[in-house]
Amino acid sequence: MHILILGGTGEARRLAELLHGAGAAGPRVTSSLAGRVAEPRLPPGEVRVGGFGGADGLAQWLRTHRVDALIDATHPFARTISFNAAAAAARAHVPLLALRRPGWVPVEGDRWHTAGSLDEAAALLPGLGHRVFLTTGRMGLAAFAGLDALWFLMRSVDAPEPPFPAHMDVLLDRGPFTLAGEREVLRAHRIDVLVTKDSGGAATAPKLAAAREAGIPVVVVRRPPVPDGVRRAATPEEAAAWVRQLAG
């Protein structure tokens, strides 16, 4: 049995570990990474890096490599590949599962402002603060490029490319992050507003707790929906159980 995991997340690596750990009795596992991070954390098993050429290219890859099941374990905001995966799986007649960690839920004390896109998030900022902690990743910074009256601290794994805000410092770092560390970032840079995507999970959640403690408003960009009709799992363990069920 051959499983293709569209990865790049901690959940994708954990799933590859679970499936690969079954040894000879388990499935063949190939993890596909988009190649947007210079030095990704590689999962066990076979790994390929790069795109497929859209839904048609992915469907052809599934057929050529005799893939028996496809698991979309990409970032919750990787909308294009998720919809390509749904189309490709349908064309190649391959079962598809979307592995999506649950989104964050506000709790008492949170000052959240939701936005449907990065552009909407940028439009909210002038009324919320002046020193922005931007944790939406290095892609899409053009949405904030025109906000010349604001100062930004942008955190990402790799350095961004323009266009980006005129007044911006870059913090190169990779999660998981700690609450103590996030408190220090907010304090040291005098942050008064946080912008994040609703990526969910524990690795980057401490920034929300730090903002709550400091009384800082948070702009949360809502995640795009999973394509209609695609089955979902919330944890790598659930996804691994789905694979075992397919294998009979």
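Excluded from the calculations below are hydrogen atoms, water molecules and symmetry mates; all remaining heavy atoms, backbone and side chain alike, are included.
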Point to revise | With Lys197 via side chain to side chain donor-acceptor pair (under 3.5 Å) - residues at least two apart | key: none
Exercise for review: Give the minimum heavy-atom separation between Ala87 and Ala55, together with the two atoms involved.
Suggested key: CB-CB, 3.8 Å
**Study point:** Partners passing side chain to side chain donor-acceptor pair (under 3.5 Å) against Glu184 (at least two apart in sequence or in another chain)
**Key:** Arg187
**Study point:** Co-members of the apolar cluster containing Met168 [side chain, <4.5 Å]
**Key:** Phe77, Leu118, Leu124, Leu125, Leu128, Val132, Leu134, Leu141, Phe144, Leu147, Leu150, Phe152, Met154, Phe164, Val170, Leu172, Val193, Val195, Val219, Val221
Review point. Do the side-chain N and O atoms of Ser117 and Asp119 include a donor-acceptor pair separated by under 3.5 angstrom?
Key: no
Review point. What pairs meet the side-chain hydrogen bond (donor to acceptor under 3.5 Å, both in side chains) rule with one or both residues in residues 239-248, with sequence neighbours excluded?
Key: none
Revision key, fill the gap. Taken in chain and number order and not counting sequence neighbours, the residues that satisfy side-chain contact (heavy atoms from CB on, under 4.5 Å) with Ala90 are none
Point to revise | For Ala86, all residues meeting side-chain contact (heavy atoms from CB on, under 4.5 Å), sequence neighbours excluded | key: Leu96, Pro227, Val230
Which side-chain N or O atoms in residues 2-13 pair as donor and acceptor under 3.5 Å with protein atoms at least two apart or in another chain?
{"from": "His2", "atom 1": "ND1", "to": "His65", "atom 2": "O", "distance (Å)": "2.9"}
{"from": "His2", "atom 1": "NE2", "to": "Thr30", "atom 2": "OG1", "distance (Å)": "2.8"}
{"from": "Thr9", "atom 1": "OG1", "to": "Ala12", "atom 2": "N", "distance (Å)": "3.1"}
{"from": "Thr9", "atom 1": "OG1", "to": "Ala73", "atom 2": "O", "distance (Å)": "2.7"}
{"from": "Glu11", "atom 1": "OE1", "to": "Arg101", "atom 2": "NH1", "distance (Å)": "2.5"}
{"from": "Glu11", "atom 1": "OE2", "to": "Arg101", "atom 2": "NH1", "distance (Å)": "3.3"}

Check your understanding: Nearest heavy-atom pair of Ala247 and Met1: which atoms, and what distance?
Key -> CB-SD, 3.7 Å
Practice item. Name all residues meeting the side chain to side chain donor-acceptor pair (under 3.5 Å) criterion together with Ser32; count only those two or more places apart in sequence or in a different chain, and write none if there are none. Key: Arg48
Point to revise | side-chain contact (heavy atoms from CB on, under 4.5 Å) partners for Pro44, two or more places apart | key: Ala16, Glu17, His20
Check your understanding: Do Ser82 and Arg100 have side-chain N/O donor and acceptor atoms under 3.5 Å apart?
Key -> yes
Point to revise | Closest approach of Leu18 to Ala240 (non-hydrogen atoms, all atoms of both residues) | key: CD1-CB, 4.2 Å
**Study point:** salt bridge (charged side-chain N to carboxylate O under 4.0 Å, His left out) pairs, two or more places apart, involving residues 127-137
**Key:** none
Review point. With sequence neighbours left out, which residue pairs that include part of residues 210-234 fulfil the side-chain hydrogen bond (donor to acceptor under 3.5 Å, both in side chains) condition?
Key: Asp110-Arg212, Thr114-Arg222, Arg183-Glu213
Exercise for review: Taking side chain to side chain donor-acceptor pair (under 3.5 Å) as the test, write out the residues that go with Arg91, two or more places apart.
Suggested key: Asp56
